[in-house]
Amino acid sequence: MNKAKTVQGRLVLKGRVQGVGYRYFVLRKAGDFDVVGFVRNLPDGSVEVVAEGAEPEVKRFFEEVKKGPASAYVREAREEWLPPTGAYWDFRVRY
């Protein structure tokens, strides 16, 4: 049996992504995937999502997150892939 590689992905979303329920949309979506990490607003008006898990799971999660809630508009989504840290036990909103 092949075990998927564990990765950490960082996604920064720009556009109309603050004040539209985006963080809670991401939090709900995380429950549909086997990922841990966090979502938070950044001072420049963007939203940051950091997720760790099996590579295919994190990639599918990011594809869903990029769609956003109906009230949002994602103009840009920048992905970065890093080695996993193992620092997260669940997925939560950071303030």
Side-chain angles (χ1 to χ4, degrees):
M1 179 167 92
N2 280 344
K3 185 162 168 72
K5 178 172 80 167
T6 300
V7 297
Q8 180 185 100
R10 180 175 181 260
L11 183 62
V12 176
L13 304 141
K14 295 184 177 190
R16 188 174 61 217
V17 293
Q18 287 192 12
V20 293
Y22 211 105
R23 289 175 298 166
Y24 297 97
F25 167 81
V26 172
L27 182 63
R28 284 191 307 276
K29 283 291 177 189
D32 295 338
F33 296 88
D34 189 15
V35 297
V36 295
F38 66 89
V39 59
R40 67 178 169 182
N41 286 344
L42 295 177
D44 68 357
S46 62
V47 169
E48 176 186 36
V49 181
V50 173
E52 288 190 4
E55 187 173 20
E57 197 78 356
V58 174
K59 285 183 176 184
R60 286 195 305 271
F61 172 58
F62 279 3
E63 288 309 308
E64 288 296 313
V65 166
K66 287 177 192 176
K67 296 174 186 173
S71 55
Y73 169 74
V74 176
R75 176 177 38 84
E76 180 185 335
R78 190 177 68 236
E79 286 182 26
E80 180 180 10
W81 297 96
L82 305 162
T85 64
Y88 312 108
W89 297 100
D90 59 4
F91 197 94
R92 62 183 55 204
V93 175
R94 281 196 181 168
Y95 299 94

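Just so it is clear, the structure is predicted and the values come from calculations on it, not from any experiment.
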Checklist entry - Can you get from V74 to V12 by hopping between Ile, Leu, Val, Met, Phe, Trp and Tyr side chains that sit under 4.5 Å apart? => result no

Checklist entry - With a 4.5 Å limit on heavy-atom distance, are the side chains of E52 and V58 in contact? => result no

Checklist outcome for this item: Output for pair (Y88 OH, Q8 CD), nearest 0.5 Å, gives 5.0 Å

Checklist entry - Between G68 and F25, what is the shortest heavy-atom contact and its length? => result CA-CE2, 3.4 Å

Checklist entry - Any chain of hydrophobic side-chain contacts (each under 4.5 Å) joining Y22 to V93? => result yes

Checklist entry - Would a hydrophobic clustering, with Ile, Leu, Val, Met, Phe, Trp and Tyr connected at side-chain separations under 4.5 Å, put V47 with Y95? => result yes

Checklist entry - V17, F91: one ILVMFWY side-chain cluster at the under-4.5 Å cut-off? => result yes

Item to check | From CG (L42) to CZ (R94), nearest 0.5 Å | outcome: 11.5 Å

Checklist outcome for this item: Here the pair of heavy atoms bringing A4 nearest to P56 is CB-CD, 3.7 Å

Next on the checklist: Do L13 and F62 make a side-chain contact, defined as non-hydrogen atoms from C-beta onward lying under 4.5 Å apart?
Outcome noted: no

Checklist entry - What is the minimum heavy-atom distance between V7 and E55, and which atoms define it? => result CG2-CA, 3.7 Å

Checklist entry - Salt bridge between E79 and K59, side-chain N to carboxylate O under 4.0 Å? => result no

Checklist entry - Heavy atoms, side chains only, cut-off 4.5 Å: are F61 and V26 in contact? => result yes

Checklist entry - Are more than 12 heavy atoms from other residues, nucleotides or ligands located less than 6.0 Å from atom CZ of R92? => result no

Give every donor-acceptor pair under 3.5 Å between a side-chain atom in residues 34-41 and any protein atom, sequence neighbours left out.
residue : atom : partner : partner atom : Å
R40     : NE   : E48     : OE1          : 2.5
R40     : NH2  : E48     : OE1          : 2.8

Checklist entry - By the rule that ILVMFWY residues connect when side-chain heavy atoms come within less than 4.5 angstrom, directly or transitively, which residues belong alongside Y73? => result none

Checklist entry - Tell me, do R10 and R78 make a side-chain contact under 4.5 Å, heavy atoms counted? => result yes

Next on the checklist: In this structure, would Y24 and V20 fall into the same cluster of hydrophobic residues linked by side-chain contacts under 4.5 Å?
Outcome noted: yes

Item to check | Candidate pair K66 and E63, rule salt bridge (charged side-chain N to carboxylate O under 4.0 Å, His left out), full reasoning | outcome: CA-CA 5 Å; K66 287 177 192 176; E63 288 309 308; 3.2 Å; yes

